[in-house]
Amino acid sequence: MPAVSLAAGSNCRIRLAHVGPGATYDGRDDPAAALYRTRVGYLHDRLQLTVEEMHLLPHLLVSISTSAIAVAERNMASRQASVGSGGRRRSSVADVDHLAALGVKQELKRNFNMFSMLGLAFAILNSWTALSASLSLALPSGGSTSVLWGLITAGICNLCLAASLAEFLSAFPTAGGQYHWVAIISWKRWMPILSWITGWINVFGWMALTATAGLLGSQLIVGIVALYNENYVAEPWQQFLIYIGYNVVAALVNAFGNSALPYVNQAAIVWSISGFVIITITILACASPNYHSADFVFREFKNETGWPDGIAWLLGLLQGGLGLTGYDATAHMVEEIPNAAVEAPKILIYCVLIGMFTGFIFLMALLFVAGPIEEVISSPYGALGQILFTATGSRAGAVCLQIFPLVCLLFAGISIMTTSSRMTYAFARDGGLPFSRFFARVHPKLDVPLEALGFTVVVTVVFGLIFLGSTSAFNAIVSASVVALGLTYGIPVAINVLRGRKMLPKNRAFKMPEPLAWFANLLGIAYVILTTVLFVFPPELPVTGSNMNYCIVAFAIVVIISLIQWIVDGSKNYTGPKVVLDQEVLDAVDAPHVGTNGTYLDDDLPEKEKHI
């Protein structure tokens with residue numbers, strides 16, 4: 001759909017931004033029609049056109065629209081023929097056009113290439129690291145069957161969600177991600193509130209996910225200390241300080257090293273894959289021939305939660321969910337990658353596939369060399385530390401191998417904080433947060449949304465305070481991130497399904513075959529519904545004040561704040577992502593309007609219509 005904007009002035013200049021041909025301008029809830037009405041209203045209010053002149057506008061806009069298609073087709077052919085730096089430059093111009101058509105002004109630099117963005121996405125998932133460091137979530141809730149087959153179950157469902165979201169990303173590559181997509185495809189009456197809710201949940205989910213990196217890192221460090229001092233008992237405040245240290249480093253790198261982030265992310269994926277290979281080979285070689293049987297690795301069931309076996313196994317899915325969540329990072333960073341509509345959907349799916357593969361292989365290797373499973377569950381060294389110590393028979397060996405996941409988690413903390421700050425910035429840019437103008441600023445020298453980054457750090461520190469009052473802080477924070485992000489994955493997919501999967505442009509770069517798309521959409525939605533309910537359950541029975549899953553409390557606080565903000569401000573002022581009509585964004589087209597068949601469309605109009 002061509003988006004047409006006019007700016008007032010003595011020389012009225014027209015900007016053509018191409019999304020795709022074939023859209024129509026009728027239909028009350030059609031996004032193209034809504035954008036068309038926005039443009040016409042703007043013309044009437046800003047240019048003070050007469051009623052007679054307004055009646056002539058549809059003819060002019062159709063003419064301009066057809067011209068936009070021709071221009072965009074020529075640009076696309078030119079881009080496909082381009083190589084090297086020239087091709088990248090033309091691709092960046094098209095990315096800016098695409099953003100402008102979605103009502104977004106390009107403010108962030110496109111510093112990332114496909115490999116560095118894949119590095120960022122994989123650094124966030126860091127599946128083998130997250131899965132191995134969070135073994136304590138699944139081992140008591142189903143044993144090895146929950147660890148391995150829970151990962152496969154969560155992996156297939158998350159792959160369906162990732163493919164479903166990739167369709168949205170190819171059509172609407174904007175940093176707003178899910179809340180922006182909801183605004184585009186929702187029913188007009190419900191669009192503001194649905195977009196608002198999705199945005200708030202997504203901001204909250206990314207801030208909770210930011211907390212998980214420092215949380216897992218602090219647990220590993222505490223376990224290393226216990227490995228050398230068996231009488232050591234970690235105090236909550238000690239783990240809290242380590243957690244703060246992780247997040248301070250991540251914040252400083254994000255604030256002052258923005259230009260270096262692509263290289264940091266490239267280093268992250270190389271370090272992560274290297275660690276995966278080195279640890280896997282080392283533990284298998286050192287433990288030989290003292291392996292568990294295949295029956296233990298693939299069929300052993302254990303339930304120490306107090307829940308019925310079926311519910312216990314489902315609760316163990318939380319580990320797999322954590323190891324594979326956060327892939328929407330690609331969407332929130334999409335305004336910083338060239339040729340986004342084509343490359344970003346690939347990255348979204350690749351990072352889930354890589355996470356599933358590396359995670360399954362690594363967990364299988366750990367289970368073969370784990371030793372007595374009761375010791376792994378109750379070990380003061382942590383589940384991963386205990387397994388590495390058992391496999392190598394050496395404290396020094398166990399510590400050296402844990403350096404890989406410790407650094408991986410630092411990379412993850414940096415990448416997650418980057419994405420969280422961009423998500424916060426995008427939602428503030430559209431007026432979704434209190435003090436939105438403040439949080440939507442980009443620092444002119446650092447080229448970073450510094451205020452949004454600071455807000456992310458403050459909320460992450462508040463999350464860390466849960467350490468001081470709950471023995472189930474780990475479960476609460478992990479549950480909050482997985483549930484919140486899962487909901488934002490499911491909402492746009494569910495709305496698209498309810499509307500017959502007819503709300504996405506047909507000519508998008510990534511499109512699944514319809515039968516596969518329906519299967520992926522429905523399975524993904526079912527998974528989101530199931531996990532949203534299950535992951536707010538307490539991890540064990542009986543429930544006490546200290547082992548309660550405070551995820552539900554955190555959710556309640558966010559919901560209350562968002563509802564108050566909606567009543568005070570959102571219901572009156574929030575209309576979803578806005579259309580930018582800034583002359584700097586608008587590109588002049590003063591040439592005659594050439595159609596796809598090479599004719600001058602102005603020639604088909606009456607003389608009076610040509611000079612509106």
Side-chain angles (χ1 to χ4, degrees), residues 126-158 216 219-220 223 276 279-325 355-393 398 401-402 405 474-475 478 482 527 530-531 534-535 537 539-540:
N126 236 315
S127 298
W128 71 268
T129 304
L131 291 165
S132 60
S134 59
L135 278 167
S136 59
L137 291 174
L139 284 175
S141 297
S144 58
T145 61
S146 183
V147 171
L148 284 183
W149 303 120
L151 171 62
I152 295 299
T153 302
I156 292 173
C157 294
N158 276 289
L216 290 170
Q219 288 187 332
L220 290 182
F276 159 73
I279 297 177
T280 301
I281 294 174
T282 301
I283 60 176
L284 290 175
C286 290
S288 178
N290 299 316
Y291 299 139
H292 276 299
S293 66
D295 186 73
F296 169 85
V297 172
F298 297 108
R299 297 181 59 188
E300 178 76 12
F301 181 85
K302 193 174 191 66
N303 180 9
E304 295 184 357
T305 64
W307 290 101
D309 288 349
I311 294 179
W313 191 89
L314 290 173
L315 289 175
L317 287 175
L318 180 59
Q319 183 204 20
L322 172 65
L324 295 172
T325 199
M356 283 180 62
F357 174 77
T358 57
F360 186 83
I361 297 298
F362 193 69
L363 290 177
M364 184 170 60
L366 289 179
L367 289 172
F368 269 115
V369 302
I373 201 68
E374 292 79 10
E375 291 184 11
V376 174
I377 294 174
S378 60
S379 174
Y381 315 150
L384 178 60
Q386 179 64 45
I387 292 174
L388 296 180
F389 178 54
T390 300
T392 62
L401 292 179
Q402 285 189 83
F474 182 46
N475 291 73
V478 170
V482 174
Y527 173 77
L530 177 67
T531 54
L534 282 174
F535 291 170
F537 283 19
E540 59 185 4

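Position 1 is the first residue of the sequence, and the numbers go up from there.
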Criterion side-chain contact (heavy atoms from CB on, under 4.5 Å) on M364 and L367, from CA distance to verdict: CA-CA 5 Å; M364 184 170 60; L367 289 172; 5.9 Å; no
Sidechain-backbone polar pair: S127 side chain, G359 backbone, donor-acceptor under 3.5 Å: no
Any L317 side-chain heavy atom under 4.5 Å of F535 side chain: yes
Heavy-atom closest pair, residues Q386 and S379: OE1-OG, 2.8 Å
More than 12 heavy atoms from other groups under 6.0 Å of CZ on F357: no
Separation between CD1 of I156 and CG of L151, rounded to the nearest 0.5 Å: 9.5 Å
With sequence neighbours excluded, residues passing side-chain hydrogen bond (donor to acceptor under 3.5 Å, both in side chains) with N290: none
Closest contact, heavy atoms only, A365 versus T280: CB-CG2, 4.0 Å
Any side-chain heavy-atom pair of I387 and I283 under 4.5 Å: no
Minimum heavy-atom distance between A154 and G320, given as atom pair plus value: CB-C, 3.8 Å
W313 and D309: CA distance, side-chain angles, deciding distance, side-chain contact (heavy atoms from CB on, under 4.5 Å) verdict: CA-CA 6 Å; W313 191 89; D309 288 349; over 6 Å; no
Short side-chain to backbone donor-acceptor contact, H292 and G371, under 3.5 Å: yes
I279 side chain reached by P405 side chain, heavy atoms, under 4.5 Å: yes
Separation between CG of L318 and OG of S134, rounded to the nearest 0.5 Å: 8.0 Å
Taking every non-hydrogen atom, the tightest pair across P140 and S136: CD-O, 3.1 Å
Derivation of the side-chain contact (heavy atoms from CB on, under 4.5 Å) call for Y527 and T153: CA-CA 10 Å; Y527 173 77; T153 302; 5.6 Å; no
Parallel, tilted or perpendicular: ring planes of F298 versus W149, cut at 30 and 60 degrees: tilted
Backbone of E300 reached by a side-chain donor or acceptor of S144 within 3.5 Å: yes
Heavy-atom check, side chain of L131 versus side chain of V147, under 4.5 Å: no
Stepwise side-chain contact (heavy atoms from CB on, under 4.5 Å) test for I373 and F296: CA-CA 10 Å; I373 201 68; F296 169 85; 4.0 Å; yes
Exam field: side chain S146 to backbone S141, donor-acceptor pair closer than 3.5 Å: yes
Student check: side-chain heavy atoms of Q319 and L363 closer than 4.5 Å: yes
Reported CG-to-CG distance for the pair L366 and L388, which is rounded to 0.5 angstrom: 6.5 Å
Under the salt bridge (charged side-chain N to carboxylate O under 4.0 Å, His left out) test, residues paired with E304 that sit two or more places apart: K302
Whether Y291 and F368 hold their rings parallel, tilted or perpendicular, with breakpoints at 30° and 60°: perpendicular
Taking every non-hydrogen atom, the tightest pair across G323 and A130: CA-CB, 4.2 Å
Plane angle bin for W307 and F537 - parallel if under 30°, tilted between 30 and 60°, otherwise perpendicular: parallel
Check: I361 and F276 side chains under 4.5 Å, non-hydrogen atoms: yes
From I311 atom CD1 to N303 atom CG, the distance as rounded to the nearest 0.5 Å: 10.0 Å
Reported CG-to-CZ distance for the pair L148 and R299, which is rounded to 0.5 angstrom: 14.0 Å
Residue pair L220 / L384: nearest heavy atoms and the distance that separates them: CD2-CD2, 4.1 Å
